[in-house]
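First comes the structure, then the notes that go with it.
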Amino acid sequence: MFVYSKSHSTIATSFTFLSSTLPGLLLAPVAGTLVERWNKRSTMIIVDLGRGLLVCLLLVPAWQHPTAVYVVAGGVGCLSQFFSPARGA
């Protein structure tokens, strides 16, 4: 919704969806394997802090551009691939 309100483009909005979904397809097998070897609690804390910092970037006026939202959505998507297996284990 944020990207659409800034750009008025459905293509830009679909790129936001793609940048948040694509990491799940690419990183899920690798992330699950790595998380099995790491401390689950520490992994979840570090990943949550990273996701929080990425989302806080959107509060900075310079980062309120649709392209920056793609980067943040992709970063949150990547980090989430490490959080989900740690929570499930």
Side-chain angles (χ1 to χ4, degrees):
M1 190 71 170
F2 175 79
V3 174
Y4 186 75
S5 68
K6 291 285 186 180
S7 66
H8 301 290
S9 168
T10 55
I11 294 175
T13 306
S14 65
F15 278 134
T16 305
F17 175 74
L18 182 66
S19 68
S20 65
T21 306
L22 194 59
L25 297 173
L26 300 176
L27 283 179
V30 175
T33 304
L34 291 175
V35 168
E36 286 296 321
R37 300 173 187 196
W38 298 340
N39 182 351
K40 301 336 179 237
R41 184 172 186 258
S42 298
T43 301
M44 290 191 301
I45 291 170
I46 291 169
V47 167
D48 259 352
L49 288 173
R51 291 191 298 186
L53 288 173
L54 281 173
V55 171
C56 284
L57 285 176
L58 293 177
L59 297 174
V60 178
W63 278 79
Q64 292 182 353
H65 188 271
T67 308
V69 176
Y70 305 151
V71 172
V72 171
V76 169
C78 287
L79 290 174
S80 294
Q81 296 310 308
F82 292 94
F83 186 87
S84 298
R87 182 185 63 202

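Reckoned from all heavy atoms, side chains included, excluding hydrogens, waters and symmetry mates. Note that the structure is predicted; figures quoted are calculated from it, not measured.
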For [X] against [Y], the heavy-atom pair lying closest together:
X   : Y   : answer
P23 : G77 : CB-C, 3.7 Å
V35 : P85 : CG1-C, 4.0 Å
A89 : E36 : CB-OE2, 4.3 Å
A73 : T16 : CB-O, 4.2 Å
G50 : L79 : C-CD1, 3.6 Å

Polar side-chain atom of Y70 near backbone of L18 as donor-acceptor pair, under 3.5 Å
no
Indicate, with yes or no, if [Y] and [X] share a hydrophobic cluster defined by side-chain heavy-atom contacts under 4.5 Å among Ile, Leu, Val, Met, Phe, Trp and Tyr.
X   : Y   : result
L53 : V55 : no
V76 : L34 : yes
I46 : F83 : no
L26 : V30 : no
V69 : Y4  : no

What do you reckon, is CD1 of I11 surrounded by more than 12 foreign heavy atoms closer than 6.0 Å?
no
When rounded to the nearest 0.5 angstrom, what is the spacing between CE in M44 and CG in L49?
12.0 Å
State the CZ-CG distance between F17 and L22, to the nearest 0.5 angstrom.
10.5 Å
Using the ring pair (Phe, Tyr, Trp, His ring centres under 6.0 Å) rule, collect all pairs that involve residues 37-58, keeping only residues at least two apart or in two chains.
W38-F82
Kindly write out the residues that satisfy side chain to side chain contact (heavy atoms under 4.5 Å, CB included) with R37, not counting sequence neighbours, or none if the list is empty.
T33
Which pairs count as salt bridge (charged side-chain N to carboxylate O under 4.0 Å, His left out) when at least one residue sits in residues 46-69, sequence neighbours excluded?
D48-R51
